[in-house]
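Position 1 is the first residue of the sequence; numbering continues from there.
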Amino acid sequence: MLENKKFFIQTQGCQMNEYDSDRLGDVLQHNLKMMETNNPEDADMLLLNTCSIREKAQEKVFHQLGRWKKLKIKKPNLLIAVGGCVASQEGKKIRSRSPEVDIIFGPQTIHRLPKMIENIVYKRKKIEIDINFPEIEKFDYLPFSTKSAPTACLSIMEGCSKYCTFCVVPYTRGEEVNRRFDDILCEANSLIKLGAKEITLLGQNVNAYRSLNNKKQHVSFSDLIRYISHIKGIERIRYSTSHPVDFTDDLIQEHHNTKLANNLHLPVQSGSDFILSRMKRKHTVLEYKNIIKKVRKIRPDINLTSDFIVGYPGESDYQFQQTLDFIEELNFSNAYSFIYSPRPGTPASFEKDNISMDTKKKRLKNLQELIKNQSLSYAKKMLDTKQRVLVEGISVKRNNELYGRSDNNKVINFNAGTKHIGDFVDIYITEVRLNSLYGEVIDTVEKKKACN
Ligand code: SAH
Ligand code: F3S
């Protein structure tokens with residue numbers, strides 16, 4: 001009865017959610033023989049993979065469910081499932097606010113979804129809820145991806161045990177759990193066989209990764225990078241996200257590995273030691289600077305990006321200025337920045353939020369202005385340079401253009417025939433804009449020069 005039924009997945013939030021949604025699609029196709037559709041109107045089942053990192057993200061969930069309710073009125077057998085961090089945080093409360101929801105599952109129970117769907121369809125259950133955190137069981141039950149693509153993501157660990165005072169992740173995704181080393185290598189092999197040339201290792205804190213290999217020897221995150229870089233066919237490795245506390249010297253030294261891409265996203269949140277300690281980030285500004293100094297010794301032009309929170313409860317003008325000074329000194333190539341958003345149950349949410357929204361907005365604007373300038377000057381340095389780009393596909397905005405990413409993770413657009421998709425090509429950068437770079441395939445540039 002479920003075979004050939006169509007499902008539609010909408011994903012909100014981070015790369016981990018994108019990854020989970022892909023695996024969700026795999027498991028529904030593999031276990032239930034359902035088919036994926038890009039059109040929600042055409043679907044027999046709608047799945048929403050949610051994010052609760054900030055209040056705004058969470059509100060989006062209920063807006064979306066409101067829109068899907070209308071589809072269910074037209075098609076009463078339509079199934080609606082809500083997964084991800086809001087599902088984990090709110091559980092059955094979602095059903096009280098949106099009674100049209102049939103299934104609620106958490107980030108660690110996506111592999112149990114086929115059973116939950118069968119219970120609704122065959123056993124006529126009214127509602128299925130499973131938001132448990134079964135230890136890593138998820139990966140033992142998920143089929144490997146069968147999609148072929150030049151770039152792929154690989155989850156190496158789940159959850160987070162850092163408990164930064166503002167963050168909801170340890171409560172919604174659970175504590176840090178590492179996947180088995182051999183399982184990761186096996187999945188990396190399988191992705192490479194499917195055509196992946198670049199793999200991004202994913203996790204909330206990938207550099208906290210620790211495990212044992214098949215000889216029961218301890219292996220670290222840098223060991224994992226090194227092992228993967230030796231697999232035949234792999235050309236580039238990225239990782240996201242890392243944490244300053246676990247940024248050990250062996251990981252810094254691993255940046256000599258030429259397969260490791262030239263970008264580093266290392267969230268810092270604030271440039272004030274006082275605020276960092278109140279956030280329980282467990283490191284100082286100086287420790288962060290030292291990591292960057294050492295990494296830049298090996299990779300002077302690394303694309304360094306970070307995350308910042310402005311308006312943390314009690315953040316003074318002086319402490320905010322310390323953040324601006326810190327940004328000025330470190331010179332980031334880009335950053336995500338957010339106004340602090342109190343999350344239910346987190347320690348910071350019990351603190352008095354004494355900063356006006358007006359001040360928070362002004363601080364955010366100042367910080368973003370500074371980052372924008374740094375970002376543009378980093379990109380400008382790429383003008384007239386040669387970049388090795390892995391071509392990912394046809395540009396969504398302009399169909400006659402292809403796009404890909406350079407080693408330092410910048411999106412590069414260029415004109416060329418589709419035969420380049422999935423290949424590495426050398427691109428000469430001809431134009432730099434704030435969020436995009438344009439270039440020409442070196443071969444074409446050479447030919448033009450020869451004609452002139
Ligand atoms: N694991 C990562 C980040 C996870 S969340 C780390 O090591 O920090 C992604 C980013 O969202 C965070 O870095 C932080 O800047 C932001 N964020 C998390 N909780 C937030 C909150 N309550 N309010 C505003 N921003 C928040
Ligand atoms: Fe969140 Fe801090 Fe972990 S920001 S994901 S608790 S490192």
Side-chain angles (χ1 to χ4, degrees), residues 11-19 21-22 147-154 191 195-202 206 234-242 258-267 299 301-308 331-337 368 371-445:
T11 310
Q12 302 173 332
C14 65
Q15 257 183 315
M16 294 293 289
N17 266 10
E18 296 280 350
Y19 179 83
S21 290
D22 280 350
K147 274 190 205 137
S148 129
T151 63
C153 289
L154 204 179
L191 292 168
K197 292 177 177 166
E198 174 184 305
I199 291 183
T200 303
L201 305 174
L202 279 188
V206 281
I234 188 77
E235 305 229 19
R236 203 182 253 172
I237 300 167
R238 300 191 196 277
Y239 60 87
S240 181
T241 310
S242 50
T258 50
K259 298 246 170 109
L260 192 56
N262 203 20
N263 67 293
L264 169 60
H265 182 69
L266 191 58
R299 301 280 184 98
D301 55 353
I302 197 162
N303 179 348
L304 173 68
T305 55
S306 194
D307 291 345
F308 292 92
N331 201 4
F332 291 89
S333 353
N334 218 337
Y336 295 103
S337 46
Q368 288 181 339
I371 292 287
K372 198 168 108 186
N373 292 337
Q374 296 190 339
S375 172
L376 198 58
S377 66
Y378 179 83
K380 275 186 180 160
K381 284 192 201 128
M382 290 172 69
L383 191 68
D384 293 329
T385 62
K386 182 176 96 172
Q387 299 292 329
R388 188 166 173 258
V389 172
L390 176 55
V391 187
E392 291 179 32
I394 299 169
S395 156
V396 185
K397 279 191 197 148
R398 296 193 231 171
N399 284 347
N400 57 340
E401 276 178 4
L402 296 181
Y403 76 96
R405 276 169 199 272
S406 54
D407 197 36
N408 62 353
N409 207 23
K410 285 280 185 189
V411 175
I412 318 271
N413 299 280
F414 58 98
N415 265 310
T418 49
K419 70 174 177 2
H420 290 294
I421 294 175
D423 291 338
F424 278 94
V425 285
D426 283 336
I427 302 283
Y428 181 78
I429 305 299
T430 53
E431 191 185 340
V432 172
R433 296 198 200 149
L434 186 59
N435 293 315
S436 46
L437 285 94
Y438 294 82
E440 288 182 24
V441 180
I442 292 277
D443 199 23
T444 324
V445 180

Novice: Go through the steps to decide whether Leu264 and Thr305 satisfy the test side chain to side chain contact (heavy atoms under 4.5 Å, CB included), and finish with yes or no.
Specialist: CA-CA 6 Å; Leu264 169 60; Thr305 55; over 6 Å; no
Novice: Working to the nearest 0.5 Å, report the span between CD of Glu401 and OG of Ser436.
Specialist: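 Here the rounded value is 9.0 Å.
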Novice: Rounded to the nearest 0.5 Å, what separation is found between the CG atom of Leu376 and the CZ atom of Arg433?
Specialist: 12.0 Å
Novice: Might you work through the side chain to side chain contact (heavy atoms under 4.5 Å, CB included) test for Glu18 and Cys153, ending with a clear yes or no?
Specialist: CA-CA 9 Å; Glu18 296 280 350; Cys153 289; over 6 Å; no
Novice: Tell me yes or no: between the side chains of Asp301 and Asn408, is some donor less than 3.5 Å from an acceptor?
Specialist: no
Novice: Between Ser306 and Leu266, is there a donor-acceptor pair closer than 3.5 Å when you use the side chain of the first and the backbone of the second?
Specialist: yes
Novice: Using 0.5 Å steps for rounding, measure from the CD1 atom of Ile237 to the CD atom of Glu235.
Specialist: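 Output value for this atom pair is 11.0 Å.
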Novice: Nearest heavy-atom pair of Gln387 and Ser406: which atoms, and what distance?
Specialist: OE1-CB, 3.7 Å
Novice: How far does CG of Leu304 sit from CG of Asn262, to the nearest 0.5 angstrom?
Specialist: 11.0 Å
Novice: Show the nearest heavy-atom pair for residues Leu390 and Gly422, with the distance to one decimal.
Specialist: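 Answer, listing the atom of Leu390 first, then Gly422: CD1-O, 3.8 Å.
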Novice: What residue among Asn413, Val411, Leu402 forms side chain to side chain contact (heavy atoms under 4.5 Å, CB included) with Ser395?
Specialist: Asn413
Novice: Of all heavy-atom pairs between Gly439 and Phe414, which one has the smallest distance, and what is that distance?
Specialist: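 Answer, listing the atom of Gly439 first, then Phe414: O-CB, 3.1 Å.
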Novice: Heavy atoms only: give me the nearest Ile429-Ile412 pair and the separation to one decimal.
Specialist: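 Closest approach of Ile429 to Ile412: CD1-CD1, 3.6 Å.
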Novice: Between the side chains of Asn303 and Ser333, is a donor N or O closer than 3.5 angstrom to an acceptor N or O?
Specialist: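 The answer is yes; a qualifying pair exists.
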Novice: CD1 of Ile442 to CG of Asp426: how many Å apart, nearest 0.5 Å?
Specialist: 5.5 Å
Novice: With a 3.5 Å cut-off and no angle check, do the side chains of Glu440 and Thr430 form a donor-acceptor pair?
Specialist: no
Novice: Are the side chains of Ile234 and Ile199 in touch, meaning some heavy atoms are under 4.5 Å apart?
Specialist: yes
Novice: How many angstroms lie between CZ in Arg405 and CD in Glu198, if you round to the nearest 0.5 Å?
Specialist: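 Spacing of CZ (Arg405) from CD (Glu198) equals 8.0 Å.
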Novice: Say whether, by atom type as modelled, one donor and one acceptor occur between the side chain of Arg238 and the main chain of Asp407 under 3.5 angstrom.
Specialist: yes
Novice: Kindly give the heavy-atom pair with the smallest separation between Tyr378 and Lys410, and that separation in Å.
Specialist: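 Looking at all heavy atoms of both residues, the shortest contact is CD2-CE, 3.9 Å.
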Novice: Side-chain contact, heavy-atom cut-off 4.5 Å: Val389 with Tyr403?
Specialist: no
Novice: Does any non-hydrogen side-chain atom of Leu260 lie less than 4.5 Å from one of Tyr239?
Specialist: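 In short, these two side chains touch, coming nearer than 4.5 Å.
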Novice: Taking atom types as modelled, is there a side-chain donor on Asn334 or His265 under 3.5 Å from an acceptor on the other?
Specialist: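 Per modelled atom types, Asn334 and His265 side chains form no pair under 3.5 Å.
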Novice: Using every non-hydrogen atom in the two residues, find where Asn400 and Asn415 come nearest and quote the distance to one decimal.
Specialist: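 Asn400 and Asn415 have their closest heavy atoms at O-OD1, 2.8 Å.
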Novice: With a 4.5 Å cut-off on side-chain heavy atoms, are Ile371 and Ser337 touching?
Specialist: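 A side-chain contact under 4.5 Å is absent here.
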Novice: Mind running side chain to side chain contact (heavy atoms under 4.5 Å, CB included) on Lys197 and Asp423 for me, showing each step along the way?
Specialist: CA-CA 9 Å; Lys197 292 177 177 166; Asp423 291 338; 3.5 Å; yes
